[in-house]
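Each remark here refers to the structure printed beneath this line.
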Amino acid sequence: KAGVTQTPRYLIKTRGQQVTLSCSPISGHRSVSWYQQTPGQGLQFLFEYFSETQRNKGNFPGRFSGRQFSNSRSEMNVSTLELGDSALYLCASSSVRGSTEAFFGQGTRLTVV
Amino acid sequence: GENVEQHPSTLSVQEGDSAVIKCTYSDSASNYFPWYKQELGKRPQLIIDIRSNVGEKKDQRIAVTLNKTAKHFSLHITETQPEDSAVYFCAAVYSSASKIIFGSGTRLSIRP
């Protein structure tokens, strides 16, 4: 069974641009959540999607958004990029919501210059 | 609010000794507590987890304990080996959501 796949692996963008990251969950998994990892703030929850609906959202500005498609693949979008958005963005998939193992993708390393 | 505190932030132990990492969570709605290991440049990987109806769980050299009353949980690694060097994250998950609240991480170094 294929693992969680994130694309692209690396990305360099300029301040003010926007970016879209993609996450394909493990086949059969319907829950996808996104996290931002930075040296200073650690791993922070961005949002969770289940059955194409955003179920939870973390404390990030509205520039961060996402969606989930009917095949459970998810995308996150960051508009008007700032230098502080440079981070590793990880997605995780779970078979169901809640108390179950989450499997992480390898992440997308975003650098904003 | 939802918060997980983790201590210590760095830990160095002699190979063969034990390592203990402690976490505290704030929201009593948490009922699932996974621990992740992240090696440099790699994704977090689950090493052990415990649910709120269990007080202790062991898997070879790794054990986790949970005190639900005090909202404390801990990771114990015995007979540490060089390959245990990594950053370890504790986490709390809420019963009806796939929303992981992570601790700040512990960088574990094993001295030869």
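Naming: A, B, ... by sequence-line order, numbering from 1 per chain.
Each of G105(A), A92(A), G107(A) has some count of heavy-atom pairs under 4.5 Å with chain B, and the biggest count is that of G105(A).
Atom CG of L83(A) has more than 12 heavy atoms from other residues, nucleotides or ligands within 6.0 Å. Residue Q60(B) places its CD atom among 12 or fewer non-hydrogen atoms of other residues, nucleotides or ligands, all under 6.0 Å distant. Around atom CG of N59(A), no more than 12 heavy atoms belonging to other residues, nucleotides or ligands sit under 6.0 Å away. Heavy-atom neighbours of R63(A) CZ from other residues, nucleotides or ligands within 6.0 Å: above the threshold of 12. For R107(B), the CZ atom sits in a loose shell: 12 or fewer heavy atoms of surrounding residues, nucleotides or ligands are nearer than 6.0 Å. Enclosure of atom CD in Q81(B) by more than 12 non-hydrogen atoms of other residues, nucleotides or ligands within 6.0 angstrom is indicated. Residue-environment remark: NZ (K22(B)) stays at or below the threshold of 12 foreign heavy atoms within 6.0 Å.
Between I100(B) and Y35(A), the shortest heavy-atom distance links the atoms N-OH, 3.0 Å.
To the nearest 0.5 Å, atoms OH (Y32(B)) and OG1 (T100(A)) are separated by 6.0 Å. Here Q38(B) contributes atom CD and L88(A) contributes atom CG; the two are 7.0 Å apart, rounded to the nearest 0.5 Å. Between the NZ atom of K99(B) and the CD atom of E48(A) there is a distance of 9.0 Å, given to the nearest 0.5 Å. Remark: F104(A) CZ to L46(B) CG distance equals 9.5 Å, nearest 0.5 Å.
Using a 4.5 Å cut-off between heavy atoms, F33(B) does not touch chain A at all. Contacts of P44(B) with chain A are made by both backbone and side-chain atoms, with heavy-atom separations under 4.5 Å. In this structure, the portion of L90(A) lying under 4.5 Å from any heavy atom of chain B is its side chain and not its backbone. At a 4.5 Å heavy-atom cutoff, Q45(B) makes no contact with chain A through either its backbone or its side chain. Heavy atoms of V4(A) lying under 4.5 Å from chain B belong exclusively to its backbone.
Contact of the F102(B) side chain with the Q37(A) side chain is not registered, since no non-hydrogen atoms from C-beta on lie closer than 4.5 Å.
Hydrophobic cluster membership is shared by V54(B) and F73(B), with clusters built from Ile, Leu, Val, Met, Phe, Trp and Tyr side chains linked at under 4.5 angstrom.
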